[in-house]
Amino acid sequence: MYAGPTDEPAIRLDDMRAGRLDIDTARSDTSSISLRGASVGTLLDRPQGGPLLELDALAYQRLTPLPPRSTTLRLSWLRENLAGQYRPQPYEQLAASYRVLGHDSEARRVLRAKHRHHRTMLPWPTKIWDWLQDVVAGYGYRPALAGAWLAALTLVGSLVFTINEPNRLEPGGGPSFNATVYTLDLLLPFIDFGQEKAFMTSNGLQWFGYLLVASGWLLATTLFAGLTRVLGRS
């Protein structure tokens, strides 16, 4: 966890209990500090360099200060102190401290970073599925991102089907063609607007329709997986 796998920390504060702890990482010459299992009320971490810290099982109620770009600094600080190892607790603790301060968006950002770090430990087939969950819905912490993908695909599909209207399956029957509703019928796997049954694409346009159907299932499954993870935490 420090300079090498067999190195011992210069200072051990394991299982310590303190109301306030100031780790001045900007000025300290200490090479490493172990805080494993410590419990702190307020932690002053100042993540701008300094000694490596053993953070696993460290609990704190409040983190201060919160300078501009503090989340970026702290995430970089976490990765450095974890020394390439994946440990979820330091991420969970950092996210919890942001929630206490009312910074829910920063807490969600930390949890997304936790899942991205975990992805580096996964085998390649699992990495691909994990990456898709990140891109489509931010692991469930950014459901609006899935909505943006849906809106973009709907716009593209509407333009394509307005220019190239599909063939009607029953001449003279069925609903009037609507390019946007037809696109949504392809994209939304559990909703039937009646357009997909009344019209059929042909030639190369048929493959575009298949792509929309596959994209719709991908959006639905990744969003469901992400939201299940998020709701399971509450």
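These numbers were taken from a predicted model, which means no experiment stands behind them.
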Inset, instruction - In sequence, state the C-alpha distance, the side-chain angles, and the governing distance for Trp217 and Phe190, and then conclude on ring pair (Phe, Tyr, Trp, His ring centres under 6.0 Å). - result: CA-CA 9 Å; Trp217 277 103; Phe190 305 111; 5.3 Å; yes
Can [Y] be reached from [X] by stepping across I, L, V, M, F, W or Y side chains whose heavy atoms are under 4.5 Å apart?
{"X": "Leu159", "Y": "Leu153", "value": "no"}
{"X": "Leu223", "Y": "Leu186", "value": "no"}
{"X": "Trp149", "Y": "Leu227", "value": "no"}
{"X": "Ile191", "Y": "Val181", "value": "yes"}

Legend entry - Residues in side-chain contact (heavy atoms from CB on, under 4.5 Å) contact with Gln206, at least two apart in sequence or another chain: Met200, Thr201, Tyr210
Inset, instruction - Could I get the full list of side-chain contact (heavy atoms from CB on, under 4.5 Å) partners for Lys127, not counting sequence neighbours? - result: Arg119, Leu122, Trp124
Inset, instruction - Using a cut-off of 6.0 Å, state whether more than 12 heavy atoms not belonging to Gln89 lie near its atom CD. - result: yes
Legend entry - Heavy-atom neighbours of Phe224 CZ exceed 12 at 6.0 Å: no
Legend entry - Working for side-chain contact (heavy atoms from CB on, under 4.5 Å), residues Val160 and Leu205: CA-CA 9 Å; Val160 169; Leu205 200 61; 3.4 Å; yes
Please report the closest heavy-atom contact between [X] and [Y], naming both atoms and the distance.
{"X": "Ala179", "Y": "Ser158", "answer": "CB-O, 3.5 Å"}
{"X": "Thr183", "Y": "Gly157", "answer": "OG1-C, 3.2 Å"}
{"X": "Thr180", "Y": "Asn178", "answer": "N-OD1, 3.1 Å"}
{"X": "Gly216", "Y": "Pro189", "answer": "O-CD, 4.1 Å"}
{"X": "Gly226", "Y": "Gln133", "answer": "N-OE1, 4.1 Å"}
{"X": "Ala95", "Y": "Ala107", "answer": "O-CB, 3.4 Å"}

Do [X] and [Y] have side chains that get closer than 4.5 Å, going by heavy atoms?
{"X": "Leu94", "Y": "Leu78", "result": "yes"}
{"X": "Val136", "Y": "Leu145", "result": "no"}
{"X": "Tyr91", "Y": "His118", "result": "no"}
{"X": "Arg116", "Y": "Tyr139", "result": "yes"}
{"X": "Pro90", "Y": "Leu58", "result": "no"}

Inset, instruction - Go through Leu13 and Ser34 one step at a time and tell me if the side-chain contact (heavy atoms from CB on, under 4.5 Å) criterion holds. - result: CA-CA 6 Å; Leu13 300 175; Ser34 176; over 6 Å; no
Could you check whether any side-chain N or O of [X] sits under 3.5 Å from a backbone N or O of [Y], counting only pairs where one atom can act as donor and the other as acceptor?
{"X": "Ser76", "Y": "Leu73", "answer": "no"}
{"X": "Ser215", "Y": "Leu211", "answer": "yes"}
{"X": "Asp56", "Y": "Arg36", "answer": "no"}

Inset, instruction - Output, in order, the C-alpha distance, side-chain angles, deciding distance and verdict of side chain to side chain donor-acceptor pair (under 3.5 Å) for Gln85 and Arg87. - result: CA-CA 6 Å; Gln85 301 181 45; Arg87 297 182 183 274; 3.0 Å; yes
Once rounded to the nearest 0.5 Å, what's the spacing between atom [atom1] of [X] and atom [atom2] of [Y]?
{"X": "Met16", "Y": "Leu35", "atom1": "CE", "atom2": "CG", "result": "6.0 Å"}
{"X": "Lys197", "Y": "Glu170", "atom1": "NZ", "atom2": "CD", "result": "12.0 Å"}
{"X": "Phe177", "Y": "Gln195", "atom1": "CZ", "atom2": "CD", "result": "6.5 Å"}
{"X": "Thr126", "Y": "Trp129", "atom1": "OG1", "atom2": "CH2", "result": "11.5 Å"}
{"X": "Leu212", "Y": "Leu184", "atom1": "CG", "atom2": "CG", "result": "10.0 Å"}
{"X": "Leu218", "Y": "Leu187", "atom1": "CG", "atom2": "CG", "result": "11.0 Å"}

Legend entry - Qualifying residue for side chain to side chain contact (heavy atoms under 4.5 Å, CB included) with Tyr98, from Arg108, Arg109, Arg74: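 Per the side chain to side chain contact (heavy atoms under 4.5 Å, CB included) rule, the option paired with Tyr98 is Arg74, out of Arg108, Arg109, Arg74.
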Inset, instruction - Verify the ring-centre separation between Phe199 and Phe161: is it less than 6.0 angstrom? - result: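 That pair fails the under 6.0 Å test.
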Inset, instruction - Could you please spell out the steps behind the side chain to side chain donor-acceptor pair (under 3.5 Å) verdict for Glu106 and Thr71? - result: CA-CA 7 Å; Glu106 298 306 301; Thr71 306; 2.3 Å; yes
Inset, instruction - Go through Leu219 and Leu188 one step at a time and tell me if the side-chain contact (heavy atoms from CB on, under 4.5 Å) criterion holds. - result: CA-CA 9 Å; Leu219 283 172; Leu188 302 177; over 6 Å; no
Legend entry - Verdict with supporting geometry, Phe193 and Tyr182, ring pair (Phe, Tyr, Trp, His ring centres under 6.0 Å): CA-CA 8 Å; Phe193 293 109; Tyr182 182 75; over 10 Å; no
Inset, instruction - Inspect the contact between Arg99 and Asp104 and indicate whether a charged nitrogen and a carboxylate oxygen are less than 4.0 angstrom apart. - result: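 No, Asp104 and Arg99 are not salt-bridged.
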Inset, instruction - With side-chain contact (heavy atoms from CB on, under 4.5 Å) as the test, would you mind laying out the steps for Val135 and Thr222 before giving the verdict? - result: CA-CA 9 Å; Val135 170; Thr222 52; over 6 Å; no
Legend entry - Test log, rule side chain to side chain donor-acceptor pair (under 3.5 Å), inputs Ser176 and Arg168: CA-CA 9 Å; Ser176 301; Arg168 184 182 293 275; 5.4 Å; no
Inset, instruction - Tell me yes or no: between the side chains of Arg142 and Ser105, is some donor less than 3.5 Å from an acceptor? - result: no
